2 protein chains.
Amino acid sequence: MQDFEKILENNNVKPTAMRLLVLQFLLNKKVATSLTDVENYFDKSDRTTLYRTLKTFVEKGISHKIDDGTGITKYALCEENCHCEIDNDLHLHFHCTNCNETICITDYKIPRITLPTGYIAENINLVVKGICDKCNKK
Amino acid sequence: MQDFEKILENNNVKPTAMRLLVLQFLLNKKVATSLTDVENYFDKSDRTTLYRTLKTFVEKGISHKIDDGTGITKYALCEENCHCEIDNDLHLHFHCTNCNETICITDYKIPRITLPTGYIAENINLVVKGICDKCNKK
DNA sequence: TTGAAGTATGCAACAGAAGTGCATTATTTT
DNA sequence: AAAATAATGCACTTCTGTTGCATACTTCAA
Ligand SMILES: [Mn+2]
Ligand SMILES: [Mn+2]
Ligand SMILES: [Zn+2]
Ligand SMILES: [Zn+2]
C-alpha cells in the first residue's frame with residue numbers, strides 16, 4: 001500500500017481513485033491550491049467530485065482550508081501531526097501579489113493574540129500580503 | 001455643513017445624497033457591514049450605486065475593506081487619522097460565529113510578524129473567529 | 001446663460017465560485 | 001445475489017462581485 005493510500009485510511013477516508021489522485025496532486029504542489037487549480041489539472045473529472053473531495057479532506061483533517069483574501073478558497077495538506085489546533089498548529093499564510101501564489105509559512109507560528117475581555121478565540125486566520133522571496137530575487 | 005459632509009470633502013469625495021446616507025449608516029453601525037447589509041437598509045437604491053459608493057470610500061481612505069473569512073466582503077469606517085498603514089493602523093478583526101457579526105478591534109493592534117528572509121510584507125489581515133463578548137454573556 | 005465636459009446613477013447583464021438535488025454507478029455487507 | 005451504503009456525474013441554483021452603457025445631474029468655461 002502506498003504512502004498516500006495510508007494517509008487516507010488513517011483519516012477514515014476511503015481511498016478511491018480520484019481521492020488518491022487529488023491527494024498526490026496536493027502532495028506535489030508546494031503552494032496552496034484552489035478548486036479551479038485541481039479542476040484544470042484533472043480536466044477529465046467533474047468539478048463537483050473534486051469539490052467534495054477537497055471538502056472531505058478538510059473535514060477529515062487531511063488538509064486545511066485557506067482564505068487568503070483573494071476570494072478564492074485555497075487548500076493545502078496539513079503537516080504531520082497537525083490537528084489545526086489554535087495554539088499549536090495554526091501558521092500564517094503569505095499571498096504574493098506578484099505571482100499570485102499563496103504559501104503556508106509553517107515555520108512561523110501565529111503570535112499570541114490579546115483580545116478584549118469577554119472574547120473567546122476559537123480560530124485565527126493570519127494572511128500577509130506582499131512579495132514572496134522568489135519574486136523578490138527577480 | 002454637517003460633520004459627515006466634511007468627512008467626504010476632506011477625502012475628495014463629492015457629497016452626493018446617497019453618499020451622505022451611506023456614510024451616516026456606516027457611522028451609526030458599530031459592526032462591519034456588507035454590501036448586502038447596506039442594500040437591505042436602503043431598499044430604494046440600486047445595488048451598483050451602493051457598491052460603487054463603498055468602493056469609492058475605500059479608495060479615498062474613508063473606510064477599509066475587511067475580509068473576515070466568511071466570503072462576504074465587509075466595510076467599516078476608518079478611525080480618525082487612519083491611513084491604513086501596515087505599522088500603525090492595521091487592527092485585528094473579530095468574527096463571532098454565534099451572532100455572525102464582525103467587529104473592528106481597534107484597541108488591539110496586530111503584533112509584529114516575522115517572515116522568512118526575502119519576503120516583503122505589504123499588508124496584513126488578521127481575523128480571529130470565536131465568541132464575542134455579547135454572546136458570551138448570554 | 002448656455003453648451004460641453006465630467007461625474008454620478010440606474011438598469012441590465014455577466015462571471016465565477018460555491019453549493020444542492022437527484023439519478024447513476026460502484027463498493028461493501030449480509 | 002440482493003440490499004444497503006457510499007461515491008460520482010450532471011444539471012441547476014444562488015450569491016457576490018463586477019462591468020457596460022444609457023441617462024441624469026453638476027461644474028465650469030466661453
Ligand atoms: Mn497552511
Ligand atoms: Mn476594521
Ligand atoms: Zn511571488
Ligand atoms: Zn456574537
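First the proteins, then the strands, lettered A, B, ... as listed; each starts at 1. Quick caveat: nothing in here was measured; it's all calculated off a predicted structure.
In this entry the distance linking NZ of A:Lys44 with P of D:dC10 reads 13 Å, nearest Å. Between A:Leu54 atom CG and D:dA7 atom C1' the separation is 15 Å, expressed in whole Å. Atom CZ in A:Arg19 sits about 12 Å away from atom C1' in C:dA26, given to the nearest Å. At whole-Å resolution of the value, NZ in A:Lys55 and P in D:dA7 are 13 Å apart. Rounded to whole angstrom, the span from the CG atom of A:Asp46 across to the P atom of D:dA7 amounts to 16 Å. With rounding to whole Å, A:Lys74 atom NZ is found 15 Å from C:dA18 atom C1'. The distance between atom CD of A:Glu39 and atom C1' of C:dG19, rounded to the nearest whole Å, is 14 Å. Between the CD atom of B:Glu9 and the P atom of C:dT7 there is a distance of 16 Å, rounded to whole Å.
Residue B:Thr73 places its side chain closer to D:dG17 than to any other of C:dT9, D:dT19, D:dG17. Listed candidates were D:dC10, C:dC11, D:dT16. Nearest to the side chain of B:Arg47 is D:dT16. Of the candidates D:dT8, D:dT19, C:dG19, D:dT8 carries the atom nearest the A:Thr49 side chain, counting heavy atoms from C-beta on. With D:dT16, D:dT19, C:dG10 as the candidates, the nucleotide lying closest to the side chain of B:Ile72 is D:dT16. The side chain of B:Thr36 lies closest to D:dT16 when the candidates are D:dT16, D:dT19, C:dG10. Of all nucleotides listed (D:dC10, C:dG19, D:dG17), D:dC10 comes nearest to the side chain of A:Thr48.
Rounding to the nearest 0.5 angstrom, the gap separating the NE2 atom in A:His91 from the CD atom in A:Glu79 is 7.0 Å.
For D:dC25, the base has no donor-acceptor partner in the side chain of B:Thr16 [N/O atoms by modelled type, under 3.5 angstrom]. Contact of A:Arg52 with C:dG19 (side chain to base): no donor-acceptor pair of N or O atoms is detected under 3.5 Å.
The residue among B:Lys65 and A:Met18 whose nearest nucleotide of DNA chain D is located toward the 5' end is A:Met18. Nearer the 5' end of DNA chain C, as judged by each residue's closest nucleotide, is the contact made by B:Lys14, out of A:Tyr75 and B:Lys14.
Shown here for B:Asp68 and B:Val127, the closest heavy-atom pair between the two residues is O-CG1, 3.6 Å. A:Leu92 approaches A:Val128 most closely through the heavy-atom pair CD1-CG2, 4.0 Å.
Between A:Tyr51 and the phosphate of C:dA17, there is no side-chain N or O to OP1/OP2 separation shorter than 4.0 Å.
Ring planes of B:Phe94 and A:Tyr119: perpendicular class, angle over 60° (limits at 30 and 60°). Between B:Phe42 and B:Phe25, the ring planes lie perpendicular to each other; the angle is over 60°, past the 30° to 60° tilted range.
Using a 4.0 Å heavy-atom criterion, one finds that A:Ser34 contacts no nucleic acid atom at all.
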